[in-house]
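Presented below is the structure to which this report refers.
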Amino acid sequence: MRIGHGYDVHRFAEGRKLILGGVSIDFEKGLLGHSDADVLTHAVMDAILGACALGDIGKHFPDTDPAYEGANSIGLLSRVGELMREQGYELCNLDATVLCERPKLRPHIDAMRQNIADALQVDRELVSIKATTEEGLGFTGEGLGMAVHAVCLVDKEDKGRI
Ligand code: MG
């Protein structure tokens, strides 16, 4: 078994859509980024790549490449799932924590879990997403941006268990 950790931050900006876990959330601001700036999906991808020692999303999907401008991050996650399986790993579970003051994410959590599970071709029960505020402290507390921590566990598919 191997563990992976991912962390990502994006700042809020006017005139951008807020996309989290592939869900478009109605809010006054969105996240700034070269792709769709889906900070949750980015942290999840880095956790999986980390568990497989395959580098990070900057290596696989460079933000200097025009191909990834406005990219659908859930589509990139599907590719990361393929890379994981090509290395002979399967996902045991993943757990992500979104740090933001607003908006409230609870109504969207199950849809995000489903999108991420579908992209990785796993059961939704393997995907946990939580949200917390930072009590008004720091950049998330001041509503300047969002941060996400993600961890995952992967295992070799063909360990020949008896
Ligand atoms: Mg990012």
Side-chain angles (χ1 to χ4, degrees), residues 2-84 87 89 91 93-105 108-109 111-122 126-134 137-154:
R2 297 172 62 121
I3 192 168
H5 172 258
Y7 176 69
D8 196 24
V9 169
H10 282 259
R11 84 171 55 235
F12 276 121
E14 306 283 345
R16 292 270 304 179
K17 278 186 171 179
L18 178 58
I19 311 282
L20 276 184
V23 177
S24 186
I25 296 172
D26 195 23
F27 190 52
E28 65 212 33
K29 289 178 279 190
L31 294 169
L32 194 60
H34 183 69
S35 66
D36 62 5
D38 185 338
V39 64
L40 169 58
T41 303
H42 292 183
V44 166
M45 286 194 276
D46 264 352
I48 293 169
L49 291 170
C52 302
L54 286 171
D56 59 24
I57 55 173
K59 173 182 167 184
H60 293 275
F61 315 114
D63 65 6
T64 51
D65 186 337
Y68 302 116
E69 189 170 350
N72 172 356
S73 296
I74 286 288
L76 303 182
L77 177 61
S78 297
R79 177 66 191 132
V80 167
E82 286 173 10
L83 291 168
M84 173 182 71
Q87 296 295 309
Y89 290 109
L91 185 73
N93 75 303
L94 72 86
D95 182 27
T97 303
V98 182
L99 310 179
C100 76
E101 202 69 23
R102 291 175 51 235
K104 283 284 174 225
L105 298 182
H108 307 290
I109 292 284
M112 296 185 222
R113 292 174 64 209
Q114 191 69 56
N115 285 343
I116 288 171
D118 288 349
L120 292 170
Q121 300 176 22
V122 300
L126 302 188
V127 178
S128 164
I129 299 169
K130 313 181 303 297
T132 186
T133 73
E134 292 196 286
L137 298 169
F139 70 87
T140 73
E142 291 173 22
L144 299 176
M146 297 178 77
V148 178
H149 295 272
V151 291
C152 74
L153 200 66
V154 301

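Counting starts at 1 for both ligands and their atoms, following the listed order.
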Are the side chains of [X] and [Y] in touch, meaning some heavy atoms are under 4.5 Å apart?
X: Ile129; Y: Leu20; answer: no
X: Val39; Y: Val9; answer: no
X: Met112; Y: Ile25; answer: yes

Partners of Val151 by side-chain contact (heavy atoms from CB on, under 4.5 Å), sequence neighbours excluded?
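For Val151 the side-chain contact (heavy atoms from CB on, under 4.5 Å) partners, ignoring immediate neighbours, are His5, Asp95.
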Qualifying residues under side-chain contact (heavy atoms from CB on, under 4.5 Å), relative to Ala150, sequence neighbours excluded:
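In terms of side-chain contact (heavy atoms from CB on, under 4.5 Å), with neighbours along the sequence ignored, Ala150 is linked to Ala43, Val44, Ala47, Ala96.
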Indicate every side-chain donor-acceptor pair of residues 62-71 with a distance under 3.5 Å to a residue at least two apart or in another chain.
| unit_1 | atom_1 | unit_2 | atom_2 | d |
| --- | --- | --- | --- | --- |
| Asp65 | OD1 | Ala67 | N | 2.8 |

Going by chain and residue number, what protein N/O/S atoms come nearer than 2.8 Å to the Mg ion (ligand 1)?
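Atoms qualifying: Asp8 OD2, His10 NE2, His42 ND1.
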